[in-house]
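Note sheet for the following structure.
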Amino acid sequence: MEKVKLTGIPREMIALRISKEIKDGDYVNLGIGIPTLISNWIEGRDIMLQGEIGLLKSGPLVTDEEMIDQDCINASCQPIIEIPGTIYFDILESFTMIRGGRMNLVVMGALQVNDKGDYAGWANPSRGLDVGNIGGSMDLVAGADRLFLAMEHVAVDGNPKVVKKLTFPPTTTGKVNMIFTDLAVMEVTPKGLLLKEVAPGLTAKDVQSVTEPKLIVSPDLKEIEF
Amino acid sequence: MEKVKLTGIPREMIALRISKEIKDGDYVNLGIGIPTLISNWIEGRDIMLQGEIGLLKSGPLVTDEEMIDQDCINASCQPIIEIPGTIYFDILESFTMIRGGRMNLVVMGALQVNDKGDYAGWANPSRGLDVGNIGGSMDLVAGADRLFLAMEHVAVDGNPKVVKKLTFPPTTTGKVNMIFTDLAVMEVTPKGLLLKEVAPGLTAKDVQSVTEPKLIVSPDLKEIEF
Amino acid sequence: MDKVYQKIEEAIADVNDGAVIAIGGFFACGVPRLLLQALIDKKTKNLTLTCGCGPMVGATEELRALVKNGQLKKLIDSYGLARSASKGRQDPFEQAVKAGTIELEVVPMGTLAERYRAAAAGVAAVYLPTGAGSIVEKSVVSSIVANRTPKETRVFNGKTYILEYALKPDFAFVHAHTADKEGNLRYSKTARNFNPVMASAAKATIVEAENIVEPGEIDPDCIHTPGIYVKRVVQVPRIKVRVGID
Amino acid sequence: MDKVYQKIEEAIADVNDGAVIAIGGFFACGVPRLLLQALIDKKTKNLTLTCGCGPMVGATEELRALVKNGQLKKLIDSYGLARSASKGRQDPFEQAVKAGTIELEVVPMGTLAERYRAAAAGVAAVYLPTGAGSIVEKSVVSSIVANRTPKETRVFNGKTYILEYALKPDFAFVHAHTADKEGNLRYSKTARNFNPVMASAAKATIVEAENIVEPGEIDPDCIHTPGIYVKRVVQVPRIKVRVGID
């Protein structure tokens, strides 16, 4: 596979695209990275963000340094604002919800994903260690109703991240439902990855050129809509 | 064994005797029946009563009907008074403490006990049913540092309750440390029941006459002291 | 998301024949009596009620009505029978258990709590020390005495434990002191008991609350049941309950 | 029973070399920094710290001191490494893990919570779905890569679960917002996190609290950690913490 450099949509727009998939009333957990940006696009909507540190209906991020309460952070260690209906609980309650299947949607970042819905996100062997940071990722994917990935389509070094075979250790196998990248929107189906949307100006062939597994192109293929 | 009718101490005095064994700072759970009476004898002492319904440092029983709060009862369904330091929690926390080994002492009633420290308390087949009420008894005995029984020495029908072989289904096996009855105080030892105290006016022989297993009479045998 | 229902019968409209329903409360305390009354009025049949410690012993009238209407198939509880044998002899429920028309399964109280929690927390099964060396090593169901199912046991560090499985009810009926409109709950004192663990375990949790307030009005550090577990909330009056058990 | 100690060094006097200590906190939030500082001052060696989610990533200075003093034998955590690889390259802890002088065991966050709870609740082991199909089916310890111990797995209802064992620390270091003199605790907002479950799991729990009050002054319906789990309490000032992680 040649190392093509395609121009896609920015991270904020990946987040915006995903926000359209979230239904009012949903309980949602957002992982570190691109997923966290989704919170900017759902303010004011009736969507309940859960933070595995132990909070539900998390408010927006603090923007004014003066307003920081060091006892009030989200699971990415960012200070947040309490809103009416924000509640706090301990870690056991948090993972009771998570593993118990109460998250309608979990959105995670990823290092690699394949066409069977396996993905790797917890350890990058290039760090020179054989261990990494699992955090709550494996609990979240074990319990989620639906699991989305939000990621760059291609790694910084030009290597594909949508691969035939994971070379990094998997976070979970067969659980991913949808993949949102800067270049495309793909659905994991029993037959493989269904390419549903491409970034403005790109073709299915362009996306295939930086994707290892053979893509099934949707007959309704369209541009990513925001 | 002949059915002798011996006169011992009243239930309140069994409770008083047991109260002398409780150390300041102990966390204690008292079962239904004679054990509940112990609470009358420890008022004002630094002893923390736990109720499996979900309370710690339970206050005294309500005596004035006017003061009943129907949301504030002990595990025997008696209304109690909140004192400074009384706290409430849910059933999971309650049994985390109980099974987790935080009870320094548990005092239970019993239908039968043998000389190995097995006892039966949850089902009396004479009721005509093959099931009974277990409640929290089996959890309490599983977690207790020390387990005392508080009971009548002889059943109402004259049958012994301190027996060679349990005929009722056991609550637990090998866990009882001390047995306090209207007639005697006995310790469960690896060699059998050690008779340590007898009710005023009784002899070791009297107690043996209504007790199936052979008692080991303590060289320091004395009258029950209050 | 507003979870408040105006009418109690609408809040339990999808509770169908054959449902498995967890009933909160400990003897007379914290029992969802008005939800139980609505269930009696609805005449739903073939019910399995899973309890914690004697809410049906504490709600005598409601139990009598359920038995009389033939609504009960099975009761799972740690303390399902009247405390005294003499009261039991006059109790229609105990007579139905004796006759084999209603099943009674007896489970230690802490084991029940743990089995609800396992269901809530996505745990398949847990090894508990409770009841090792007793009849609890088999299932204790009134109707299958001759054929009690043995449970798995296993020794850890020299001590015997019993493998106990998650127990997931279809519904939980819960009594709360205060709910906000998004289903966050607070209970009062010992009326908390089994209500929170059942609320988190059931597929659909229906709450009767003495007070309903706006989101944010309950101290956010003192929520006993997060609203994520709650499907519907209905306001009920505080009714006077006789404390004590027979 | 008054559990208040005046001096922090007296509160940790019996923490000896080789102790296994649970450290509360989630990244920078709710970490018992002053107890950690006292541990550094005490120079206790050969320590195993068991965490929840990155309290040592949040308490960078304390971690550096522990590494520098050679006090750490092992860290158990779900998120024990700096977030970015570039920060990691300058991090003495990460270098020590690489060199094999400190062991790092990585456990999913919810599994850690569950293992502490099992220890607290007298549960020997639990079957969890987390990590099935991943490396978590073996123990993930930095120093034993070639020989990772496989865990037991078992299928329930067509789904694979891993058998995870209770994890009982010798001590827990906990940071609370308010304690009463009998050891009942309240935490503030997300500073609660792992503190309560560690407090209930450890053999001896030592609490630093920003406020100490008389019994009865904390709302009895809003106790986060019942005093029965707490051995000692010491008052500490509220120190300003930089929020954020590297």
Side-chain angles (χ1 to χ4, degrees), chain C residues 30 108-132 152-168 176-178 184-193 195-197 200 216 218-226, chain D residues 30 108-132 152-168 176-178 184-193 195-197 200 216 218-226:
Chain C
M109 201 191 310
T111 298
L112 265 180
E114 209 57 31
R115 292 180 63 195
Y116 293 124
R117 181 182 182 276
V123 173
V126 298
Y127 282 103
L128 296 182
T130 305
E152 275 185 60
T153 60
R154 180 164 166 175
V155 174
F156 297 89
N157 297 322
K159 190 170 161 182
T160 303
Y161 292 76
I162 301 176
L163 186 64
E164 300 280 2
Y165 290 79
L167 174 58
K168 192 163 192 65
H177 180 271
T178 303
N184 297 301
L185 308 182
R186 261 193 76 156
Y187 308 93
S188 171
K189 304 183 178 183
T190 56
R192 197 179 329 174
N193 60 69
N195 284 295
V197 75
S200 59
I218 308 178
D219 179 349
D221 268 329
C222 291
I223 302 292
H224 295 145
T225 291
Chain D
M109 200 192 309
T111 297
L112 265 180
E114 208 58 32
R115 291 180 62 195
Y116 293 124
R117 182 184 182 274
V123 174
V126 297
Y127 282 104
L128 296 183
T130 305
E152 273 184 61
T153 60
R154 179 162 166 176
V155 175
F156 296 89
N157 297 321
K159 192 170 162 182
T160 303
Y161 291 77
I162 300 176
L163 186 64
E164 300 281 3
Y165 290 78
L167 174 57
K168 191 163 194 68
H177 180 272
T178 302
N184 297 301
L185 308 181
R186 261 192 76 155
Y187 308 94
S188 170
K189 303 183 178 181
T190 57
R192 197 182 327 177
N193 60 69
N195 284 295
V197 75
S200 59
I218 309 177
D219 178 349
D221 268 329
C222 290
I223 302 293
H224 295 146
T225 291

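Here is the naming used below: chain letters follow the sequence lines, and residue numbers restart at 1 for every chain.
When heavy atoms are compared at a cutoff of 4.5 Å, Asn157(D) does not approach chain C at all. Only the side chain of Leu163(D) has a heavy atom closer than 4.5 Å to any heavy atom of chain C. Looking at Tyr165(D), only its side chain comes within 4.5 Å of chain C, counting heavy atoms on both sides.
A donor-acceptor pair shorter than 3.5 Å cannot be found between the side chains of Thr130(C) and Tyr161(C). Judged by distance alone, the side chains of Thr225(D) and Tyr187(D) do bring a donor and an acceptor atom under 3.5 Å apart.
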- Item | Intermediate values then yes/no, side chain to side chain contact (heavy atoms under 4.5 Å, CB included), Leu185(C) and His224(C) | CA-CA 6 Å; Leu185(C) 308 182; His224(C) 295 145; 5.6 Å; no
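The salt bridge (charged side-chain N to carboxylate O under 4.0 Å, His left out) analysis of residues 154-168 of chain C, with sequence neighbours excluded, yields the pairs Lys151(C)-Glu164(C), Arg154(C)-Glu152(D).
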